[in-house]
Amino acid sequence: MTLRDRLRAGEPTLGTFLNLGSPLAAEACALAGFDWLLIDLEHGAGEDALVGQLLAAAAHGVPALVRVETAERIRAGRALDAGAAGVMFPRMDTTEQVRAALAHLRYPPEGDRGVATYNRACGFGLRTDALESANDEVIGVIQIESVAALEHVEAIAEQPGVDVLFVGPRDLTHALGVPGRIDSPEYRAALQRVAAAAQEAGVTAGVLAASREAAEHYVAEGFGFVGIGSDSSFVATAARAAATQLSTAS
C-alpha cells in the first residue's frame, strides 16, 4: 500500500523531520525504519539539498514529504516535480487558504498544478503514465498552528484533498498563550479537538512528538501521522549525551 492508502486505512505511521539538508542524514533516517520522512524547507537547511534527500529516501523505499516555506503554487509544484510524496502546508488559518493550497497539489481539472513530464516525478519523460495516478496518490498535510486554525478545524478537515491535520506543538502552544507547555489544559483540549475533527472527517490527525514514548501516547489518543524529533535533534541529543559521559568520566 502507498502511504496515503495506509493513512486512509487508519494505520498509525511514524516518521521524522529532516532539517539538516543532508542526503546522508536522510539516508540514515530512512535506514532506521521510519514509515515516512519529511523534508523541512520552512525551518530547515533549504532547497539546495532537496533532491539529494528525496533520492536517499527513495533508495530505501521510504516516502518523503516536503514542508514548503509558503503556500504559493510554485513551491508545492517544485516539491512534487522533484518526487515528493506529498506536501505539508504551514500556518493554514482558514478554509479558503486550505482550498487554495490543496489545489496546487493536483493537475487540472481538479487543481492548478503545472503540467510537465520531463521532471523526476515523471521519470524525466519516461513515465508519462505517472500523470494519470498523481492526483490520487499525492498527500496533503495541513498544519493547525494558530487559534484561527483551531476555530476552523472542523471545516478545514472536511476540505477535499486533506489527508492529515498536523499539530505543531511549539506554534500552537505559543498561540494559546502557554508556550512549550504541552501538558497544559489549553493545549490538551486543542489536541483533542483536532483529533475529533479528523476522525469525524475521515482523515488522519498528526503531531510532532519529542520521543518514542510520547509518540506511543499520541497514537493511543488517535493520532496516526506522528513525527518523532528530527535528524538534527537526534544528532544533538546523542552528541550531548556522549559529551556529558566523557565529562563525567574525566
Side-chain angles (χ1 to χ4, degrees), residues 2-4 13-92 101 104-105 113-114 116-127 130 134 137-143 145 163-164 166 168-171 206-210 215 225-240 242:
T2 66
L3 176 59
R4 190 166 191 259
T13 65
L14 300 177
T16 193
F17 279 53
L18 303 176
N19 56 31
L20 287 176
S22 167
L24 291 177
E27 183 167 30
C29 289
L31 286 166
F34 288 112
D35 298 308
W36 50 265
L37 303 175
L38 194 142
I39 301 165
D40 187 2
L41 298 186
E42 183 190 17
H43 296 300
E47 191 175 350
D48 289 347
L50 173 59
V51 172
Q53 293 176 89
L54 289 170
L55 288 168
H60 302 285
V62 181
L65 299 90
V66 174
R67 175 159 70 176
V68 291
E69 306 96 316
T70 73
E72 295 176 271
R73 186 180 72 90
I74 191 63
R75 303 309 307 140
R78 286 183 64 82
L80 294 175
D81 283 357
V87 173
M88 175 184 280
F89 292 102
R91 195 55 64 90
M92 294 278 102
H104 305 335
L105 303 185
R113 177 181 173 185
T117 58
Y118 50 81
N119 52 48
R120 181 170 178 265
C122 288
F124 310 104
L126 302 179
R127 292 193 297 105
E137 296 176 355
V138 67
I139 299 168
V141 183
I142 301 298
Q143 287 207 255
E145 301 182 287
D163 294 296
V164 180
F166 193 87
R170 288 289 182 183
D171 281 284
V207 68
L208 182 61
F225 186 87
V226 181
I228 305 174
S230 65
D231 53 0
S232 59
S233 66
F234 296 147
V235 171
T237 300
R240 171 163 287 184

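Because the structure is predicted, anything quoted here is derived from the model rather than measured.
- In this structure, CZ on R73 lies 10.5 Å from CZ on R113, to the nearest 0.5 angstrom.
- The OG1 atom of T2 lies 6.5 Å from the CD1 atom of I139; values are rounded to the nearest 0.5 Å.
- With sequence neighbours excluded, no residue forms a ring-ring contact (aromatic ring centres under 6.0 Å, His included) with F89.
- Across all non-hydrogen atoms, the minimal contact from V68 to A79 is CG1-CB, 4.5 Å.
- Of the residues listed (T16, L65, N19), the one engaging L38 in a side-chain contact (heavy atoms from CB on, under 4.5 Å) is L65, and it is the only one.
- Of all the heavy atoms in R4 and E137, the pair that sits closest is CD-O, 3.6 Å.
- Listed by first and then second residue, the salt bridge (charged side-chain N to carboxylate O under 4.0 Å, His left out) pairs that reach into residues 28-39 are R6-D35, sequence neighbours excluded.
- When all heavy atoms of H104 and A71 are compared, the closest pair comes out as CD2-O, 3.0 Å.
- In summary, R75 and E47 engage in a salt bridge, as defined by a charged side-chain N under 4.0 Å from a carboxylate O.
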(request) Would you please test E145 and R91 for side-chain contact (heavy atoms from CB on, under 4.5 Å) and show each step? (result) CA-CA 6 Å; E145 301 182 287; R91 195 55 64 90; 3.8 Å; yes

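- V51 and A82 make their closest contact through CG2-CB, 4.3 Å (heavy atoms, listed as atom of the first residue, atom of the second, distance).
- In terms of heavy-atom proximity, L41 sits nearest to L50 at CD1-CD2, 4.5 Å.
- Annotation: ring-ring contact (aromatic ring centres under 6.0 Å, His included) contacts involving residues 13-64, sequence neighbours excluded, comprise F17-F166, W36-F225.
- For the residue pair L105 and A76, the shortest heavy atom distance occurs at CD2-CB, 4.0 Å.
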(message) Apply side-chain contact (heavy atoms from CB on, under 4.5 Å) to residues L18 and C29 and explain how you reach the verdict.
(response) CA-CA 9 Å; L18 303 176; C29 289; 3.9 Å; yes

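- Within the 3.5 Å criterion, the main-chain N or O of L20 finds no donor-acceptor partner in the side chain of S232.
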(request) Mind running side-chain contact (heavy atoms from CB on, under 4.5 Å) on L54 and R120 for me, showing each step along the way? (result) CA-CA 10 Å; L54 289 170; R120 181 170 178 265; 3.8 Å; yes

